[in-house]
*Asks:* 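Below are the C-alpha cells for one structure; questions will follow.
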Amino acid sequence: MQIGILGTGTLASALAEAWAASGHRVLVGGRSRDKALAIADRLGDAVRAVEPAEVAGASGAVVVAVSWEGLDEALALAGAGRGSLAGKAVIDCTNAVDYADGLLSRPPVRQWSTSPRWRRAATW
C-alpha cells in the first residue's frame, strides 16, 4: 500500500521509517520541501518527497502529522478544501494543545474530509 504522510516533523519521520521498514511505499510532503527531501534521503527508495497535493492525491491512506498551528496551511496545500481527502482513509495525529500551559486550545476539527474513514490517532 502507498501511504501518504502530510507533515515533515519528528512524528511524520518516525511513521515514514516504520512503514517503509514494513514494506510500504511512503509519500512525504508538507510545508517544508527541504524537510521532506531530508526524510526521503535518509530513508531510501521506499520513501519519496512530494508536494502536499500529491500526498493527498496519490495515497490510499493519508496521515496528518503536523503541528496544530500549521494544520490549516498544510491541509490547504494538500487541497483538502477542494475535496482531495474525500473518500480517503485519513489518520489524524494532530493535537490542539497550547504548549505554553498544556491545555487544549480547541477540539480537533474534521471539517477537511467528508470521508467516513477519518480517524483520530492522538489523544486529547
Side-chain angles (χ1 to χ4, degrees):
M1 170 187 263
Q2 184 156 276
I3 300 170
I5 301 177
L6 186 58
T8 56
T10 305
L11 178 59
S13 180
L15 291 171
E17 183 173 8
W19 280 317
S22 296
H24 296 284
R25 290 172 292 134
V26 181
L27 301 179
V28 177
R31 295 175 292 153
S32 171
R33 176 80 173 155
D34 290 341
K35 288 183 180 180
L37 287 168
I39 292 168
D41 287 345
R42 183 175 63 83
L43 297 178
D45 292 339
V47 180
R48 204 163 49 96
V50 298
E51 295 299 321
E54 189 173 348
V55 168
S59 303
V62 176
V63 177
V64 181
V66 298
S67 63
W68 185 255
E69 57 275 355
L71 182 61
D72 290 337
E73 181 184 358
L75 289 170
L77 290 170
R82 295 182 306 279
S84 66
L85 299 176
K88 300 278 182 181
V90 179
I91 303 165
D92 179 1
C93 297
T94 60
N95 270 326
V97 175
D98 179 346
Y99 290 102
D101 58 20
L103 299 176
L104 292 175
S105 57
R106 60 182 171 151
V109 180
R110 188 182 162 197
Q111 70 192 28
W112 300 282
S113 175
T114 57
S115 174
R117 298 170 9 175
W118 181 288
R119 296 292 181 260
R120 292 272 315 136
T123 58
W124 52 278

*Asks:* Report yes or no: do Thr94 and Asp92 form a side-chain donor-acceptor pair below 3.5 Å?
*Replies:* yes
*Asks:* Looking at residues at least two apart in the chain, or sitting in another chain, which of them share a side chain to side chain contact (heavy atoms under 4.5 Å, CB included) with Ala49?
*Replies:* Arg33, Ala36, Leu37, Ala40
*Asks:* Taking all atoms of both residues into account, what is the closest heavy-atom pair of Leu43 and Ser13, and its distance?
*Replies:* CD1-O, 4.1 Å
*Asks:* Would you mind writing out the side-chain donor-acceptor pairs for residues 73-83 within the sub-3.5 Å range, not counting sequence neighbours?
*Replies:*
none

*Asks:* If you compare all heavy atoms of Ala20 against all heavy atoms of Val47, which two are closest, and at what distance to 0.1 Å?
*Replies:* CB-CG2, 3.7 Å
*Asks:* For the pair Leu11 and Cys93, evaluate side chain to side chain contact (heavy atoms under 4.5 Å, CB included) and give the outcome as yes or no after the intermediate values.
*Replies:* CA-CA 9 Å; Leu11 178 59; Cys93 297; 3.7 Å; yes
*Asks:* Show me the pairs that pass salt bridge (charged side-chain N to carboxylate O under 4.0 Å, His left out) and involve residues 5-24, at least two apart or across chains.
*Replies:* Glu17-Arg42
*Asks:* Could you please spell out the steps behind the side chain to side chain contact (heavy atoms under 4.5 Å, CB included) verdict for Leu6 and Val63?
*Replies:* CA-CA 6 Å; Leu6 186 58; Val63 177; over 6 Å; no
*Asks:* Using the side chain to side chain donor-acceptor pair (under 3.5 Å) rule, collect all pairs that involve residues 43-60, keeping only residues at least two apart or in two chains.
*Replies:* Arg48-Glu54
*Asks:* In the structure I gave you, are the side-chain heavy atoms of Val55 and Ile5 within less than 4.5 Å of one another anywhere?
*Replies:* no
*Asks:* Lys35 side chain to Gly9 main-chain N or O, any donor-acceptor pair under 3.5 Å?
*Replies:* no
*Asks:* Give the table of side-chain donor-acceptor pairs shorter than 3.5 Å for residues 22-30, with sequence neighbours excluded, one pair per line with atom names and distance.
*Replies:*
residue	atom	partner	partner atom	Å
Ser22	OG	Ala18	O	3.1
His24	ND1	Met1	O	3.4
Arg25	NH1	Gln2	OE1	3.1

